[in-house]
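The sequence lines fix the lettering, A, B, ..., with proteins before strands; numbering per chain opens at 1.
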Amino acid sequence: MLEWLKQPWPWYVAGPLIGLTVPTLLILGNKSFGISSSLRHVCAACLPAKIPFFQYNWKKEVWNLFFVLGIFFGGVLAAWLLSNPDPMVVHPNLQAEMAGYGITDYSGLVPTEVFNWPALLTPRGFIMMVAGGFLVGFGTRYAGGCTSGHAIMGISNLQMPSVIATCCFMAGGFIMANLILPFILSL
Amino acid sequence: MSTTNTFVQNQEPKVHDTDFEVRSLDTMCVSDTEIKEPWYGNLKYLVIGVLFGIVFVKAEIISWFRIQEMFRLQSFHMYGVIGSAIAVGMLSIFLIKKFNIKTIHGEKIEFHDKKFNKGQIYGGLLFGLGWAITGACPGPLFAQIGTGATAVVVTLLSAIAGTWVYGRFREKLPH
C-alpha cells in the first residue's frame, strides 16, 4: 500500500480527487473553491494601504488562508512520508531541450538549477522567480481567479467568463513556454 | 455578504460602486455562510488543504516539468487532471442544484454567476505567461515550498506583490 502511494499517482486518481474539493467545500461551509484570492486576503490583512480593493472584511475569508496553509503542510507531509525515491520521468524531447539549458536534475519536482537562492542574483533566476511570481499574482487577480477558481470551479458551474479566462491562461502559457521561455532559460 | 455591504456603505459612493463591482466580478473563494463558527471550525479547511496538497505533490501537478510538458503538448497528464477535475466538479454542482443539497449546517448552497470583463482576457494572458515561467499557479506555490523548494518563497512573495500592485492600479486598467 505504502509502496503504491509513493509512486506518482495517475491523472485519473488525482483529477477526480481535486474535483471533489468543489462539493466538499460547498457542503462543509458554502465556500466556493478558489486559491488565488488567498493572495488578496494577505494584502488586505497585511498592507491594505487605504486601497479600496483591499477594504473588505478579510476575516470572513480566513478559511481560505487555513486552506492554503494546509496545502503547504500537505507538501511537507508528501515530501517527508510519501516521497518517490526515483527521479521524475519526463518526455525525452523535454529532457533533451532542458539539457541544452543546463537543467539535468530530475530528483525534485522543480529544477534545482533554476529555483534556488543564489540564482536570485542571476538574470535567469530573477526573471523566473521574481518576474514570474509577479505575473502570477497580478494576472490571476486581474482575471478574477486562477486555475482553481476559473478553470475548475467556474467551468464546473458553466460560467462562460471562466471558459474565456481558461483559454487565455492556456494561450499565455503556450506563448511563454514555446516562444519566450527558451530565451529566458538560455540567459 | 451583509457584513461587506454594511462595511462598504461607510465609504465614499464611488468606492462603494467599485468594491461592489469587484465583489460581483470576483466571486471565487468567497464564503457565503451567515453562520458564525468558532475559529477552530476553520481547521476543517486546513485538513482539506493538507489532503489537497498531498494530491498536488503525488500527482506531480506542482512539477515545473509537468507544466512544461503540458504547454509543449508532450504529455496528456495535466489535461487529464484538469479535465477530470472539471468533470467531477460539474457533476457535483449539477447534483447539488438538482437535489437542492444543503450544507452540513443546513444552509442553502449559493452559486454566483460571473460577469464577463476584459480583465479575464488581459489578466488571463498575463497569468498564463507567469504560469509557464514559474511552473505553478497559486495553489502549487504553497505545496512547492512545503516540499522543500524554499526559494519559491520569493515567487510567492512576488505573487502577493503582484496582487497588491493590481489592487493599487485597478481603476486605471481596462476592464
Side-chain H-bond candidate by donor/acceptor type, A:Trp11 with B:Ser84, under 3.5 Å: no
4.5 Å side-chain heavy-atom contact, B:Ile54 and A:Trp9: yes
In residues 69-79 of chain A, what donor-acceptor pairs under 3.5 Å come from side-chain atoms, sequence neighbours left out?
none

Parallel, tilted or perpendicular, as decided by the 30° and 60° cut-offs, for the rings of A:Phe169 and B:Trp131: perpendicular
Distance-minimising heavy-atom pair for A:Thr147 and B:Cys137: OG1-SG, 3.1 Å
Ring pair (Phe, Tyr, Trp, His ring centres under 6.0 Å) partners for A:Tyr106, two or more places apart: B:Phe65
Contact winner vs chain A - B:Gly130, B:Ser158, B:Ala161, B:Gly135, heavy-atom pairs under 4.5 Å: B:Ser158
Option in B:Leu95, B:Ile109, B:Val57 with maximal non-hydrogen atom pairs under 4.5 Å from chain A: B:Ile109
Residue, of A:Cys167, A:Gly154, A:Ala131, A:Gly132, that accumulates the most heavy atom pairs under 4.5 Å with chain B: A:Gly132
Atom pair NE2/NE2 of B:His77 and A:His91 - distance to nearest 0.5 Å: 15.0 Å
Largest heavy-atom contact set with chain B, pairs under 4.5 Å, which of A:Leu28, A:Ile103, A:Leu120, A:Ile127: A:Leu28
Non-hydrogen side-chain atoms of B:Tyr45 and A:Leu65 separated by less than 4.5 Å: no
Contact summary for A:Ile152 and B:Ala85, nearest pair of heavy atoms: CD1-CB, 4.0 Å
Engaged part of A:Val42 at the chain B interface, taking heavy atoms whose separation is under 4.5 Å: side chain
Test of ring centre spacing under 6.0 Å for B:Phe127 and A:Phe138: no
Flag side-chain contact, heavy atom, 4.5 Å: A:Leu39 against B:Leu156: yes
Nearest-0.5 Å distance, CE of residue A:Met170 to CD1 of residue B:Ile82: 6.0 Å
Derivation of the side chain to side chain contact (heavy atoms under 4.5 Å, CB included) call for A:Phe54 and B:Trp164: CA-CA 8 Å; A:Phe54 301 124; B:Trp164 191 88; 3.7 Å; yes
Leading residue by heavy atom contact count with chain B [cutoff under 4.5 Å; candidates A:Gly139, A:Ala177, A:Cys168]: A:Cys168
A:Asn30 versus B:Lys102, side-chain donor and acceptor atoms under 3.5 Å: no
Under 4.5 Å from a heavy atom of chain A, the part of B:Met70 involved: both
Contacting moiety of B:Ile96, where chain A heavy atoms sit under 4.5 Å: side chain
Top contributor to chain A contacts, counting heavy-atom pairs under 4.5 Å, from B:Ile101, B:Ile86, B:Leu129, B:Thr103: B:Leu129
A:Lys31 side chain reached by B:Ile48 side chain, heavy atoms, under 4.5 Å: no
Residue pair B:Phe111 / A:Ser32, side-chain heavy-atom distance below 4.5 Å: no
